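Structure, as structure tokens:
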Amino acid sequence: MVNRIQSVRGMHDYLPAEALMFNKIEKILVQVLNSYGYREIILPIVERTSLFKRAIGEITDVVEKEMYMFKDRHGESLTLRPEGTACCVRAGIQHGLLSRSEQRWWYSGPMFRYERPQKGRYRQFHQLGIEVFGLPGPNIDAELIILTARWWRQLGVINYLSLEINSLGSMEARLRYRSALFSFFKNRLQFLDEESKKRIYTNPLRILDSKNSTVKMMLNEAPILSDYLDKESQEHFMKLCRLLDINGIQYTINPFLVRGLDYYNRTVFEWVNSSVSSQGTLCAGGRYDHLVSHLGGNFTPAVGLALGLERLVMLVNSINTTFKSFEPIDIYIIASCNSREAEVIVLAEKLRDSFPKIKIMTNYSGGKLKKKFTDANKLGARIVLLLGENENLSNIITIKDLRTGEQNLLESDQLIKLIRDKFY
Ligand code: HAM
């Protein structure tokens with residue numbers, strides 16, 4: 001027996017019903033993005049490894065453990081993108097787009113992280129992201145959050161998500177906080193797990209994210225970032241909170257929200273759902289004012305977010321039952337005898353010319369007429385057009401409305417008018 005080749009662990013097929021659901025949701029997300037005037041950017045899936053190392057930070061889980069890295073035939077180290085922000089910044093600098101004017105971009109596509117797969121966590125997953133360049137004020141941070149809330153409302157999931165926000169302050173404030181945390185943890189080494197002990201020296205802020213219960217308890221006494229914030233960042237954050245308040249967005253300030261990628265400063269936020277899976281963060285982002293200059297461009301303030309499409313689809317599926325993953329077709333064309341089979345395609349093409357928006361499918365499977373009508377029902381067809389052997393005149397067609405059961409004989413030149421009456 002020949003071994004069957006399976007898909008790679010953590011990488012999934014999206015079968016037609018799932019793909020339909022995926023696309024329906026994405027279409028709604030994109031409609032909202034268009035209504036805010038954001039423009040799509042399409043970027044390569046493979047980038048130089050150094051881009052992610054420099055942008056995300058060497059001492060992060062993503063860079064240390066999760067990147068799909070490989071050497072190409074010339075020995076250059078390349079990586080399947082684990083996220084889109086670094087790619088947008090690279091493209092913006094490379095094409096000279098960031099220093100000239102502000103940019104408001106969105107992108108969508110697969111990302112790759114070598115994580116331990118579980119429900120809601122995959123090795124190939126899809127993100128829809130937004131990146132905005134050139135705007136330093138909190139109004140754009142607020143707009144992004146308000147836009148995401150509009151997404152959730154349109155998808156009927158707003159009541160199942162909560163928003164957590166925090167400010168990481170300026171780079172200097174973060175450094176001061178980092179050294180306060182270092183001293184705090186250094187004096188409590190006995191309460192730390194092995195992972196956190198390592199992080200003291202490399203990235204103590206990441207200990208704030210720890211899932212270990214002893215470490216979590218200790219955090220109640222840990223220094224709080226907001227006590228170290230610089231004045232400008234405090235004001236930026238207060239203005240953001242005010243903008244969210246006047247726009248009716250509910251949020252919780254989580255002083256331990258630090259995010260797993262190194263490039264953030266000031267605003268960070270996460271939309272979290274705890275009921276669907278343990279992988280509760282659905283959408284996350286924040287400000288990264290220093291990343292453009294860190295990657296070789298001119299100083300350009302920036303802010304963005306990304307949502308995990310699989311997690312969103314899972315949430316919508318579990319809550320919004322009206323979101324069907326089945327789209328019925330409009331017209332199904334059948335020939336009841338071999339002599340009229342060739343006409344099926346001709347008729348279908350003619351109808352598609354006249355009605356490009358109507359969904360038309362043709363039967364090619366042969367067999368009994370009853371089976372062909374069963375197929376039409378399974379596809380949810382509203383109308384069957386039957387080219388029958390009894391209609392000895394070749395321009396006669398039987399039209400059957402499967403919803404009402406009504407059936408008529410028709411000359412083919414009357415057909416266009418009848419379809420227009422039924423569908424428009
Ligand atoms: P992130 O928090 O690493 O941020 O990922 C954003 C979202 O992608 C997560 O909230 C989650 O929904 C989804 N996600 C991440 N990893 C996985 C996985 N293994 N399986 C399924 N879904 C996953 C970023 O990537 C930043 N680039 C966001 C950003 C944009 N910040 C500023 N601009």
Side-chain angles (χ1 to χ4, degrees), residues 2 4-7 12-31 34 108 126 154-156 309 313 316-317 320-424:
V2 180
R4 290 188 187 164
I5 300 172
Q6 304 282 321
S7 62
H12 294 285
D13 304 310
Y14 297 89
L15 304 179
E18 290 163 294
L20 190 69
M21 180 83 179
F22 222 81
N23 287 337
K24 263 184 145 176
I25 290 180
E26 202 180 18
K27 206 167 150 192
I28 292 172
L29 301 174
V30 171
Q31 264 164 7
N34 286 335
S108 176
H126 294 74
Q154 297 223 347
L155 292 165
L309 274 164
V313 170
V316 173
N317 254 334
N320 192 342
T321 44
T322 55
F323 226 98
K324 293 207 184 72
S325 58
F326 174 71
E327 276 197 347
I329 64 154
D330 298 309
I331 298 177
Y332 194 59
I333 308 180
I334 294 172
S336 72
C337 56
N338 293 346
S339 61
R340 299 200 70 183
E341 259 178 6
E343 279 176 61
V344 165
I345 300 185
V346 176
L347 178 61
E349 288 305 309
K350 198 170 141 197
L351 293 178
R352 287 183 188 117
D353 287 344
S354 304
F355 305 106
K357 288 194 179 146
I358 288 184
K359 234 186 261 178
I360 301 165
M361 276 182 87
T362 41
N363 172 277
Y364 299 128
S365 63
K368 296 224 167 73
L369 193 58
K370 196 168 166 215
K371 161 83 172 53
K372 294 177 185 178
F373 269 93
T374 310
D375 290 347
N377 275 314
K378 272 193 197 149
L379 291 163
R382 182 165 159 197
I383 279 176
V384 167
L385 299 180
L386 176 68
L387 307 177
E389 55 195 324
N390 296 335
E391 286 88 87
N392 44 12
L393 289 168
S394 68
N395 66 341
I396 298 290
I397 292 165
T398 303
I399 175 164
K400 179 164 186 180
D401 188 321
L402 293 188
R403 290 189 197 164
T404 61
E406 194 186 328
Q407 184 165 320
N408 293 303
L409 279 180
L410 210 65
E411 285 198 21
S412 59
D413 49 6
Q414 295 173 287
L415 189 61
I416 301 277
K417 183 180 175 312
L418 192 132
I419 290 175
R420 184 165 295 124
D421 290 348
K422 277 210 183 283
F423 288 96
Y424 292 94

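By convention here, the first residue in the shown sequence is residue 1. Note that the structure is a prediction, hence the values are computed from the model and not measured.
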For side-chain contact (heavy atoms from CB on, under 4.5 Å), just list the numbers for Phe423 and Lys357, CA-CA rounded to whole Å, side-chain angles, deciding distance to a tenth of an Å, and then say yes or no.
CA-CA 10 Å; Phe423 288 96; Lys357 288 194 179 146; over 6 Å; no
Determine, stepwise, if the pair Leu418 / Leu410 fulfils side-chain contact (heavy atoms from CB on, under 4.5 Å).
CA-CA 9 Å; Leu418 192 132; Leu410 210 65; 4.1 Å; yes
Take Leu347 and Ile397 through the test side-chain contact (heavy atoms from CB on, under 4.5 Å) and record every step on the way to the result.
CA-CA 10 Å; Leu347 178 61; Ile397 292 165; 3.9 Å; yes
Worked verdict on Leu415 versus Leu385 for side-chain contact (heavy atoms from CB on, under 4.5 Å)
CA-CA 10 Å; Leu415 189 61; Leu385 299 180; 3.8 Å; yes
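When side chains are defined from C-beta on, Ile345 counts as touching Tyr364, because their heavy atoms get closer than 4.5 Å. Looking at heavy atoms from C-beta onward, Tyr332 lies out of side-chain contact with Leu402 at the 4.5 angstrom threshold. In this structure, the side chains of Lys24 and Glu327 come closer than 4.5 Å at one or more pairs of heavy atoms. Counting only heavy atoms from C-beta outward, the side chains of Glu341 and Glu343 never approach each other to under 4.5 Å. Proximity of Pro328 to Leu379: side-chain heavy atoms (C-beta onward) are nowhere separated by under 4.5 Å. For the pair Val344/Asn363, no side-chain contact is recorded, criterion being any heavy-atom separation below 4.5 Å from C-beta on. Annotation: side chain of Met21 is not in contact with side chain of Glu18 (no heavy-atom distance under 4.5 Å). The closest side-chain heavy-atom distance from Ile358 to Leu351 is not below 4.5 Å.
In summary, of the residues considered (Leu386, Asn408, Val384, Leu409), a side chain to side chain contact (heavy atoms under 4.5 Å, CB included) with Ile399 occurs for Asn408 alone.
Rounding to the nearest 0.5 angstrom, the gap separating the CD1 atom in Ile331 from the CZ atom in Arg382 is 9.0 Å. In this structure, NZ in Lys350 is found 12.0 Å from CD1 in Ile360, a value given to the nearest 0.5 Å. Note: Leu155 CG to Ile28 CD1 = 5.0 Å, rounded to the nearest 0.5 Å. From Ile334, atom CD1 reaches atom CZ of Arg340 across 13.0 Å, with rounding to the nearest 0.5 Å. Rounded to the nearest 0.5 Å, atoms CG (Asp330) and CD1 (Ile383) are 8.5 Å apart. Put simply, OH on Tyr14 and CG on Leu309 are 8.5 Å apart, with the number rounded to the nearest 0.5 Å.
A donor and an acceptor atom, one from each side chain of Ser108 and Glu26, are located under 3.5 Å apart.
Taking the six-membered ring for Trp and thresholds of 30 and 60 degrees, Phe355 and Tyr424 have nearly parallel ring planes, at less than 30 degrees apart.
In this structure, Lys359 contributes its side chain and Ala381 its backbone to no donor-acceptor pair below 3.5 Å. In this structure a side-chain-to-backbone donor-acceptor pair under 3.5 Å is present from Gln414 to Glu411.
Under 4.0 Å is where a charged nitrogen must lie from a carboxylate oxygen, and between Asp401 and Lys422 at least one such pair does.
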